[in-house]
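Notes for the one structure printed next.
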Amino acid sequence: MSKEGAKKEIESLLQEYRAVKAEGTAKRYSEEDTIKGFILPLFSALGWDIVKRDEVSSQDHIKGSGRPDYNFKINGITQFYLEAKKLSADLDDEEHAKQVINYSWNKGVTYSVLTDFEGIKVFNAQRIEKTDLMDKQVFEILCSDYITDFETLWLLSKESFLERRLDAYAEKHGKKEKSVSVVTVVKKLNEDIQWARARLTESFEVCNEKKHLSSDLVGEGVQKLLDRLLFLRVAEDRGVEPDTLKNFLREAERNQSENQTTHFQVMISKFRELDTIYDSNLFSPHPFEEWEI
């Protein structure tokens, strides 16, 4: 659908909304009424196929967080979680915002959307260094501005996500770190790998001194571990794997508080699972999995 077509559909929705307000029946609208009557039609006008579950799914379970109302995806990769409230809900209630931000944060998804149709709030859930909700809020728009400020509303369209316009907007307004050049990324990645290789080598050698490990075996173990982590990160980025690395990091943090399970032990346990999935030499058992670190 063209932007003009979308604008006409949204104008029609706004007419329906104004009629409901004029009749004084808005307070009777439940969350489900609001979703079916206004919120899903709004996002449909913004180009999302609300019928296809692989694009817009509802009530997906997120371990440790609950079930967000909707998950908006492109090619199976979540773009944002949406929490819907009934007409006339108080979107300024911080608990509503924290709820939807928590969904996205736990899954490593950047954006969260909170709406009751009368207004929309968009948050960057990954700004973990920011504790104030206003620092996480990318923008807010009221339904009275959906047409007059249509370009802002259009940032939530499927087309905009395909073109990463919301990222550009967030970067411009200081709500997201700016993208860096490929050259800088490659250089930084190489630096990080060298740093990690040195730290891992030192740790394995010091912690396993009594095992009399050869330098070749230690080097092989370090490389195998780094290869696995890099493979998983690429697989996550391409949507082949879920957010495996963040998930087992958070699982380790939970376990550590309960039974002192280390991050390394949780990671090795995950590698054993992945070995059965990928059936490749990359995740096959290696002596480093039994070492101390």
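- Side-chain atoms of Lys85 and Thr115 include no donor-acceptor pair closer than 3.5 Å.
- Listed for the Asn124 side chain is no donor-acceptor partner under 3.5 Å among the backbone atoms of Tyr111.
- Ring centroids of Phe43 and Trp48 are separated by 6.0 Å or more, keeping the two rings apart.
- Salt-bridge annotation for Arg272 and Asp275: present, with a side-chain N of the basic residue lying under 4.0 Å from a carboxylate O of the acidic one.
- Classification of Lys187 and Glu191 as a salt-bridged pair holds, one side-chain N sitting under 4.0 Å from a carboxylate O.
- Aromatic ring centres of Phe117 and Tyr17 lie closer together than 6.0 Å.
- Taking the six-membered ring where tryptophan is involved, the planes of Tyr29 and Phe38 are tilted, since the angle between them lies from 30° to 60°.
- A salt bridge links Lys158 to Glu55: one of the charged nitrogens lies within less than 4.0 Å of a carboxylate oxygen.
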Could you pull out all donor-acceptor pairs under 3.5 Å where a side-chain atom in residues 137-144 meets a protein atom, sequence neighbours excluded?
none

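- Checked against a 6.0 Å centroid threshold, the rings of Phe80 and Tyr70 do not count as neighbours.
- A search for side chain to side chain donor-acceptor pair (under 3.5 Å) contacts involving Thr110 returns nothing, not counting sequence neighbours.
- With sequence neighbours left out, the ring-ring contact (aromatic ring centres under 6.0 Å, His included) criterion links Phe288 to His286.
- Under the ring-ring contact (aromatic ring centres under 6.0 Å, His included) criterion, Phe123 pairs with no residue, sequence neighbours left out.
- Lys8 and Glu11 are not joined by a salt bridge, as no carboxylate oxygen comes within less than 4.0 angstrom of a charged side-chain nitrogen.
- Pairs passing the salt bridge (charged side-chain N to carboxylate O under 4.0 Å, His left out) check and including a residue from residues 192-205, sequence neighbours excluded, read Lys188-Asp192.
- Applying the salt bridge (charged side-chain N to carboxylate O under 4.0 Å, His left out) test to residues at least two apart or on different chains, the pairs with a partner in residues 23-40 are Glu32-Lys36.
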